[in-house]
Every structure is written in structure tokens, then in C-alpha cells.
Amino acid sequence: MTSVHEDRPVVRPTHEDEVAAAGSELIGGPVGRWAAPGAGRLSPVHVVALVALGMFALGMVQKIPCYEWAWFRGTSSQYTHACYSDIPHLYLGRGFADGLLPYFDRLSGDMEFLEYPVLTGLFMQVAAWLTLPFDGSVQEREQAYWMVNAGMLMICAAVIAVCVARTHRRRPWDALLVALAPALALTATINWDLLAVALTAAAMLMWSRGRSLAFGILIGLATAAKLYPVLLLGPLLVLCWRAGKYRQYGAALLGAAGAWLLVNVPVMALAPEGWKKFYTFSQERSVDFGSFWLIITQRTGKPLDVEAVNTYATLLMVVLCAGIAVLTLTAPRRPRFAQLAFLVVAAFILTNKVYSPQYVLWLIPLAALARPRWRDFLIWQACEVMYYLGIWMYLAYTTSGDKQRGLPPEGYQLAIALHLLATLYLCAVVVRDILMPERDAVRRDGSDDPSGGVLDGAEDTFVLGRAAHPPRHAAHHFEGSRVEWGSTAPGG
């Protein structure tokens, strides 16, 4: 579907965002005519990709103390240097160093099979095959494995930045929020989450271009790498319900189911015990780092029953999803897809019984699309960096024995609270933008839903509450180049 606003000039954040304008003084001031698309050799997408690669490289540099020695000499050092990564440890711990095949070969130790979804397991295995030419000690092979994975994850980071830059055609510079996100640089090589994030970002790009089936296929593949991307199908269903786009949603759903089954069925059929390990592990896992459930456990001194936590967390998630559905159907204007995608993933993160520091990667691209304002984004990122440091200092405290060097439980609880409050803050401003669309930075120029694909500018066919009163379409009448929302504003 072609947007009615594609012929308008590219939005320059330094002209509409005071924080971006102030920050631009470091590189010569707000963008001018020489930075217009076509005026130079580098387009905004090129610049964003290069910045993302540069920040990823800085994140690799931050891991040097661990790469050189801290991963291999004791436990506490990798925490005090805040450079921990699962990658080198699981190279040995999950049998890749011994040539074992994920899901098919049983592991020794406390984990019988690889506890990751199939596509992530394939990613890990491909990296192990690429590491085979590297000879040497176990430490040297672990270093090589981390470096190979870092190279593959760097490609994922570039894909994410480019996809976000191209999703909102007129706002490519918003992708600098992703490229410059400090939490992305710090957490990119902790685990393999960037694979699922890249597939999800590509799916969002496909949906923005009206390619429903391609979106579904990519969401299915992303769900085969990590569970959270399937959540995007929920708010999309409600949006398509409101707009009457049932056929397009059906194509997306079929594509997602088909792609997920194509990846999973062979392993499910040939190695059922290994395949189901990810799902049983997720259910059996006790309350862990980063969740408000851990705060409750530590403050009360009583361990929470795992089954009870699973039940309560599921109920909370259902309630929040129901709230998002009601918001979607009652909002004065149909919410943008990116806004709801951010809210549903944030709801999952807030209610889950574990929050590993790399989970912030799930939200970064969605936050850049949902709320492209530098002030709010940087507030959230500052709190996520504090949490990143907090978890490692807490682990340093718990592994330092009688020395008790690091952050005690009370300090770690504060770091968790900062992460939770910052995420809730970002959710609150996104909800405010939905209820007061005139405050949405993306819609200020008259746009409806640039990432909405077939939803962009579509008429509403089912709404509730005050949204049911005319006008029923997604965008109101235009005055010049700016949208006029006034007739349905609160108090209007």
C-alpha cells in the first residue's frame, strides 16, 4: 500500500526534537541542507548502519577484559568488569566444543539438552562449525567461538538498524535511537537474542510495505529463535479487527504458523526430548534475576512456588493484553502498530519471572518506532544501563565469599526497581500518545501509521466507546501539512 505522505520530505529530528538538536552540537549543529537525502554519498540508512556497527564494535571492546582472561580465571572477575557473556561458557557447557549435536545428543551435567529454541540452536551450531578451523587450547577455541558469534551478531545488529530506518519511510533518522542505544552495545554479545530481534525488525519492515505473508513468515522464524515475537500477532489481530483487514491478518497468521512448523517439526519428530527442553525449562525455571518476583522473594525471605508464579504471571499478562485490546478499540484514533507491539512486549517483560539484561534488546527497536523522542528514550536507556551494572555487581557480591565486594541484595533490588519504573514510564508515554494522538511525534505532520502497511489510512469498521462517534477513520481532516485532531480531544 502506498502512503499518502511518501512524497513529503524526510523528517529531521534536530528540527523537531530539542534533545536531538542539543546533542547535534557535538557534530556541528542541527542538520542543514547539505545533509538532505541525495546531497551526499551517504544516505540516512547508510549513516545509521555505520553508527550501529561502530557502537557494536565499542561493545566488543568493552568485553576485552573478559575475552583476554576474566572468563577463564575464576567467577567474580567477569562480573566486576561487567563483561560477562553466555557464549564462551556454553561452547563447553552445551557440548559444541565436543562436537555434540543440539537436541539430538544428551549432555552431561545438570542440563540434559540445549535449552534454546531450534533456530537459535542452529545459529549456535553454525558458529561452532565456523570455529572448527581454529586450533589450540580450550581457551583459544572459546575465544574464537565468541568472536565468530560476535561477527554473526554484528550482522544482525546492522540488519536491525537498517530495518528500523526503512520502516518509517519519512523518519529514517529515528533509527539512530537504535544505533546509539548504550544498552545495545553493552548487551549485544551476552547471548543470541539479536537473531530474533533482527527477524522481528525485518518482519515489521515487511508489514509496513503491505507484505502480510512475508511479515508472517519472518515472525514465525523469529518465534523459532525466541518466544516473544509471537506476541506481536495479538495486537495486530485487534488492529486488523478494527480496520476490517481480516484477509491480510489471515495471510500473516498462516505465514507465521507455516514458518515456525517448517523449522520445528523436523527436530520435534526426530528428537522430541531435546526439542521440548526449551519449553519445559521455561516452565520449571524458578524466580530469577531482574523480576519484581525476585524482589518479593528477597524482601519476604520466602521462596515463591514456581507453579504459582507461572499462574500469576500468566494471569497478569492476560489482564494487560486485555487492557491493550480495549485501548486499541476505544482509542480516539486507531493506535499505530509499533505502539502496540512495544506495549505487548513490555507487558511480557514486566510480568515475567526473569529479566536477563539482554532482554532490553527486544524493546529497543520497538521503542524507537513507538516513541521516537530522545528525552524519553535516553531516560529509559540510562535506567537500563544502571540495571546492567547492577546485576553484575550483585553477582560479584554473591560470588566474592566473605569479602562481600559488590552490590548487596538491597542495592540490586533498587536496580530492578529502576528498570521496572523506566519501562513503565515509557509505556505510559506511549499510552498517552495513543489517547492523545496530537502528541504523537510520528503523527504530528498528518501521518496515520507509517509502519502500519495496509492499516495506514484505512477506515475503521469496528470501534467501541467514544471512538465509535464520527469521524470513524484513522486520520482526521488535514489543514495544510499538519493533522487536525481537535474534535475528539479530551474536553473537546
Side-chain angles (χ1 to χ4, degrees), residues 1-14 16-17 20 31 35-56 154-181 184 194-219 221-222 229 232 236 248 252 255 336-339 341-342 361-374 377 440-443 445 447-457:
M1 179 175 178
T2 302
S3 171
V4 296
H5 307 295
E6 279 183 21
D7 57 341
R8 296 185 182 181
V10 167
V11 173
R12 300 172 181 177
T14 52
E16 65 169 29
D17 190 308
V31 64
R41 294 184 179 180
L42 293 179
S43 70
V45 175
H46 293 143
V47 173
V48 165
L50 289 173
V51 172
L53 292 174
M55 287 294 289
F56 190 99
M154 179 181 280
I155 295 171
C156 293
V159 168
I160 294 165
V162 169
C163 287
V164 173
R166 293 175 64 86
T167 296
H168 286 175
R169 293 179 187 269
R170 296 192 54 248
R171 304 184 63 92
W173 292 112
D174 289 343
L176 280 177
L177 292 165
V178 177
L180 290 171
L184 187 147
L194 277 183
L195 172 62
V197 178
L199 290 167
T200 305
M204 294 288 290
L205 174 60
M206 289 298 99
W207 183 263
S208 74
R209 297 296 191 263
R211 300 174 63 179
S212 306
L213 181 61
F215 163 82
I217 291 171
L218 287 165
I219 283 293
L221 293 175
L232 271 62
L236 187 61
Q248 290 84 351
R336 294 187 290 110
F337 179 33
Q339 292 174 318
F342 172 82
L361 297 170
W362 305 357
L363 286 178
I364 288 174
L366 299 176
L369 294 171
R371 177 66 181 169
R373 298 289 291 176
W374 281 87
F377 190 86
D440 185 353
V442 175
R443 286 179 155 169
D445 63 353
S447 298
D448 177 31
D449 186 0
S451 65
V454 296
L455 299 170
D456 188 20

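Fair warning: this is a prediction, and the values are worked out from it, not measured in the lab.
Exactly one of Leu199, Val45, Leu205 qualifies for a side chain to side chain contact (heavy atoms under 4.5 Å, CB included) with Cys163. That residue is Leu205.
Closest heavy-atom contact between Leu177 and Pro372: CD1-CA, 3.7 Å. The two residues Ala370 and Ala338 have their closest heavy-atom pair at CB-O, 3.6 Å. Nearest approach of Leu184 to Leu361, heavy atoms of both residues: CA-CD2, 3.7 Å. Of all the heavy atoms in Ala175 and Ala161, the pair that sits closest is CB-O, 3.6 Å. Taking all atoms of both residues into account, the shortest heavy-atom contact from Ala179 to Val48 is CB-O, 3.7 Å. Annotation for Ala198 and Cys156: closest pair CB-O, 3.7 Å, computed over non-hydrogen atoms.
Annotation: the span from Leu366 atom CG to Thr200 atom OG1 amounts to 7.5 Å, rounded to 0.5 Å. Note: Ser451 OG to Arg166 CZ = 15.0 Å, rounded to the nearest 0.5 Å. Taking CD1 of Ile160 as the start and CZ of Phe56 as the end, the distance is 9.5 Å to the nearest 0.5 Å. The structure places CE of Met204 at 7.0 Å from NE2 of His168, a figure rounded to the nearest 0.5 Å. Atom CD1 of residue Ile219 and atom CE of residue Met206 lie 12.0 Å apart, to the nearest 0.5 angstrom. The distance from the CG atom of Leu236 to the OG atom of Ser212 is 8.0 Å, given to the nearest 0.5 Å.
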Practice task
Could you walk me through whether Phe342 and Leu363 pass the side chain to side chain contact (heavy atoms under 4.5 Å, CB included) test, one step at a time?
Solution key: CA-CA 7 Å; Phe342 172 82; Leu363 286 178; 3.8 Å; yes
Practice task
Take Trp207 and Val454, measure what side chain to side chain contact (heavy atoms under 4.5 Å, CB included) needs, and give me the verdict at the end.
Solution key: CA-CA 8 Å; Trp207 183 263; Val454 296; 3.9 Å; yes
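Residues passing the salt bridge (Lys or Arg N to Asp or Glu O under 4.0 Å) test with Asp449, sequence neighbours excluded: none. Judged as a side chain to side chain donor-acceptor pair (under 3.5 Å), and not counting sequence neighbours, the contacts of Gln339 are Asp440.
Side-chain atoms of Arg336 and Pro450, non-hydrogen and from C-beta on, do get closer than 4.5 Å to each other. Considering only heavy atoms from C-beta on, Val178 stays 4.5 Å or farther from Phe377 through its side chain. Asp174 has its side chain out of reach of Leu369: every pair of non-hydrogen atoms, C-beta onward, lies at least 4.5 Å apart.
Between the Ser43 side chain and the His46 main chain, a donor and an acceptor come within less than 3.5 Å of each other.
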